[in-house]
Protein chains: 2
Amino acid sequence: MSKCEQCIVRQFNSLKALTKDELVRISSCKTSRIVKKGEVLFEEGEHINGVFCVKDGICKVSKMSDNGRDQIVHLIKKGDLLGERSLINDEVSNLKAIAVNDMQVCFIPKEEIVRDLEKNPKFTMDILKNMASSLKNADNVIVDMAQKTVKQRLAATLLYLDDKFEKDTDGAIDVSLSREDIANIIGTATESAIRLLSEFKKKGLINLKGKQVFILDTQKLKDISTGF
Amino acid sequence: MSKCEQCIVRQFNSLKALTKDELVRISSCKTSRIVKKGEVLFEEGEHINGVFCVKDGICKVSKMSDNGRDQIVHLIKKGDLLGERSLINDEVSNLKAIAVNDMQVCFIPKEEIVRDLEKNPKFTMDILKNMASSLKNADNVIVDMAQKTVKQRLAATLLYLDDKFEKDTDGAIDVSLSREDIANIIGTATESAIRLLSEFKKKGLINLKGKQVFILDTQKLKDISTGF
DNA sequence: TTAAAAATATGATATTTATCAGCTTTTAGC
DNA sequence: GCTAAAAGCTGATAAATATCATATTTTTAA
């Protein structure tokens, strides 16, 4: 099994704040796992009992709303940690995580993370900073959800995806979301998302080939998303 | 000036994790302030440079959306801290805070809080736990904003207010929000909020006397908010 | 390879919500 | 107490969005 202290991925998350010794210890008790596209990492209400470090792949993190529709609240990619919040609160997960494509993840048991939280203030502080940043971001999403139209939210989401993910060899955003996934990010009916995507395509703002999405006019999308 | 180590209010927030000595030190450098109804505690983009501890009163924390409407993302009351996030991120505030009624707040300069964060792991951990809890809550709000109708959100908001705030001597929720404020919490037009409030009143779910809101049928409101 | 299932697409319609206009009531300042 | 301004209210209408229906395309699995 690969060693955490040699893993590049940890540079992208709070594990970078751990010392060599701590990494060696974590490395020895972590487990690695392949998660196939569509497989569930964890369910709402499940005790996660640890933290996932994503070595490769993408997953969607969602919550079922009262009306029975899934709302995607995060997209997690290579280098991201997953599950810190439930761990810190000592609660079952509020959210469900499903792989969007094949993933490679490492799982670090709770006790190991807790030990580092207690012993390494730098690590704790880094987690805290990340959480503060996530919280700021969440506030912004709340404002967008509350105040923007579906069209504005779609434009904003396309820009977000364009910014967050790499391009594939064709130049499309390298995350293969279904139309339903996209609708579940912006919080609308699948048909509405499809309709607006077609409209954007017709206007030359994007191009669509199956699940591939190509951003053609960033500025115009920005204008739409800000209501200009 | 009153002393932090004798202040009951700190029991309700992370300051409870500080030692007596730390409290005495904080007490000696904090400033107290009366903030009148309608006054601004801080603006979007302002360097807060510290943390507010609310001794009394309520304030609304909002963000201006691109389309020019204010979205209220938090209501802060007696015992709450305000401004930790900007402090931890070392960023200007993302949000604006305005007093809903007359407030009494203490202001603790940034350096003092940072010193405690560095020296007192219990304090840091308590802040971290609070932040994790806020983040979970924010995710839930995102789902509600994205998936619930305005009517569902109004019902949920009324229940939230009923839960969070005390009752006044008449039995109304003890926070005096304008119709516009309520609309800015649920993210809708003021007229829509007014219309739905009237509808709820007509149906006997609530009663309204000026800004006073009386919850009459909690169960029915719960049913509405969950789409039952 | 092919049939069945799932995803995508589009039109028609219903529902929800925003906007605009005008009116009444309440509040704040003199 | 009076007056202007703000807040609250209601109706009419327009715009946004959801829902339902159905057709087409793509994917999956036997």
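Throughout, protein chains are lettered first and strands after them, A, B, ... in sequence-line order, and every chain is numbered starting at 1.
The one candidate from Lys63(B), Lys60(B), Lys96(B) that meets the salt bridge (Lys or Arg N to Asp or Glu O under 4.0 Å) condition with Asp70(B) is Lys96(B). A side-chain contact (heavy atoms from CB on, under 4.5 Å) with Cys53(B) is found for one member of Asn13(B), Asp80(B), Ile26(B), Leu82(B) and no other, namely Asn13(B).
Salt bridge Lys209(A)/Asp170(A): absent, no basic N to carboxylate O contact under 4.0 Å. In this structure, Glu199(B) does not pair ionically with Arg195(B), as no charged nitrogen and carboxylate oxygen lie closer than 4.0 Å.
An angle of 60°, rounded to 10°, separates the two end axes of the helix from dT1(C)-dA30(D) to dC30(C)-dG1(D), each defined over five pairs.
As a whole-Å value, the separation of Arg179(B) CZ from dT10(D) P is 10 Å. For the pair Lys209(A) NZ and dT8(C) P, the interatomic distance rounds to 17 Å; values are reported in whole Å. The nearest whole Å value for the distance from the NZ atom in Lys201(B) to the C1' atom in dC9(D) is 11 Å. Regarding Leu177(B), its CG atom lies at a distance of 15 Å from the C1' atom of dG8(D), rounded to whole Å.
The residue Thr190(A) sits apart from the nucleic acid: no heavy atom pair falls under 4.0 Å.
A distance-only check finds a donor-acceptor pair linking the side chain of Arg153(B) to the backbone of Lys148(B) [under 3.5 Å]. In this structure, the side chain of Asp181(B) engages the main chain of Ser178(B) through a donor-acceptor pair within 3.5 Å.
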Checklist outcome for this item: Once base and sugar-phosphate atoms are separated, protein heavy atoms under 4.0 Å mark nucleotides 16-30 of chain C, 5' to 3', with B, S and - as -SBBB----------

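At a cut-off of 3.5 Å, with distance as the only test, no side-chain donor of Ser133(A) or Asn89(B) sits close to an acceptor on the other residue.
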